[in-house]
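Worksheet: one structure, shown below.
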Amino acid sequence: MSADCLFCKISAKKIPSKIVYEDPDVFAFDDISPQAPTHILICPRKHFESLTEATPKTRPSLANCNWSPRNWPASAIFLQATARS
C-alpha cells in the first residue's frame with residue numbers, strides 16, 4: 001500500500017466509497033463522476049506505480065481485474081446492461 005495513493009486508501013476503506021465487489025486480490029467501486037449510467041472502477045489491491053512494475057509473480061493479481069466481474073452475482077446481466085453499443 002502506498003500512503004499517498006487514492007486507490008490504496010479506498011481499498012483500505014480510509015476513503016468512503018461504494019464498493020460493489022471485493023476479494024483478496026481485487027476491489028471494485030462506483031466512480032464518483034461516472035461517464036456512463038454504470039461506471040465501475042476495478043483495481044488490484046497490490047499497489048502499482050506503473051504497469052512496468054508488473055512481473056510474472058504479480059500477473060495473477062492483474063489478471064483478476066479482468067476476470068473478477070465474471071464471478072460477481074448475476075454478472076451476465078450486469079455485463080449486458082453495462083456494455084456499450
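Between the side chain of Glu22 and the main chain of Val20, no donor-acceptor pair closer than 3.5 Å is present. With Arg45 contributing its side chain and Asp23 its backbone, the two residues share a donor-acceptor pair below 3.5 Å.
A 4.5 Å side-chain heavy-atom check between Asn64 and Ile42 finds every atom pair outside the cut-off. Taking the side chain as every heavy atom from C-beta outward, Asp31 and Ile40 never approach each other to under 4.5 Å.
Residue Cys65 holds its SG atom at 11.0 Å from CG of Leu41, rounded to the nearest 0.5 Å. The CD1 atom of Ile32 sits 7.5 Å away from atom CD1 of Ile10, with the distance rounded to the nearest 0.5 Å. Note: Cys43 SG to Phe27 CZ = 4.0 Å, rounded to the nearest 0.5 Å. Remark: His47 NE2 to Cys5 SG distance equals 5.0 Å, nearest 0.5 Å.
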Ser17 and Ile19: CA distance, side-chain angles, deciding distance, side chain to side chain contact (heavy atoms under 4.5 Å, CB included) verdict = CA-CA 6 Å; Ser17 63; Ile19 303 282; 3.6 Å; yes

query = Given the rule in the side chain to side chain contact (heavy atoms under 4.5 Å, CB included) test, do Phe48 and Thr58 qualify, once you have shown the distances and angles that lead to the verdict?
reply = CA-CA 10 Å; Phe48 291 92; Thr58 60; 3.7 Å; yes

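Looking at residues two or more places apart in sequence or on another chain, you find no side-chain hydrogen bond (donor to acceptor under 3.5 Å, both in side chains) involving Glu53. Shown here are the salt bridge (charged side-chain N to carboxylate O under 4.0 Å, His left out) partners of Lys46, two or more places apart in sequence or in another chain: there are none. The salt bridge (charged side-chain N to carboxylate O under 4.0 Å, His left out) check on Asp30 picks up Lys18, with sequence neighbours excluded. For Thr52, the side-chain hydrogen bond (donor to acceptor under 3.5 Å, both in side chains) partners two or more places apart in sequence, or in a different chain, are Ser50.
Within 6.0 Å of atom CZ in Phe29, more than 12 heavy atoms from other residues, nucleotides or ligands are found, so the atom counts as buried in its surroundings.
Across Leu62 and Ala54, no two heavy atoms sit closer than the pair CD1-CB, 3.6 Å.
Sequence neighbours left out, not one pair with a member in residues 32-44 passes salt bridge (charged side-chain N to carboxylate O under 4.0 Å, His left out). Pairs of residues two or more places apart, or lying in two chains, never qualify as salt bridge (charged side-chain N to carboxylate O under 4.0 Å, His left out) while including a residue from residues 34-44.
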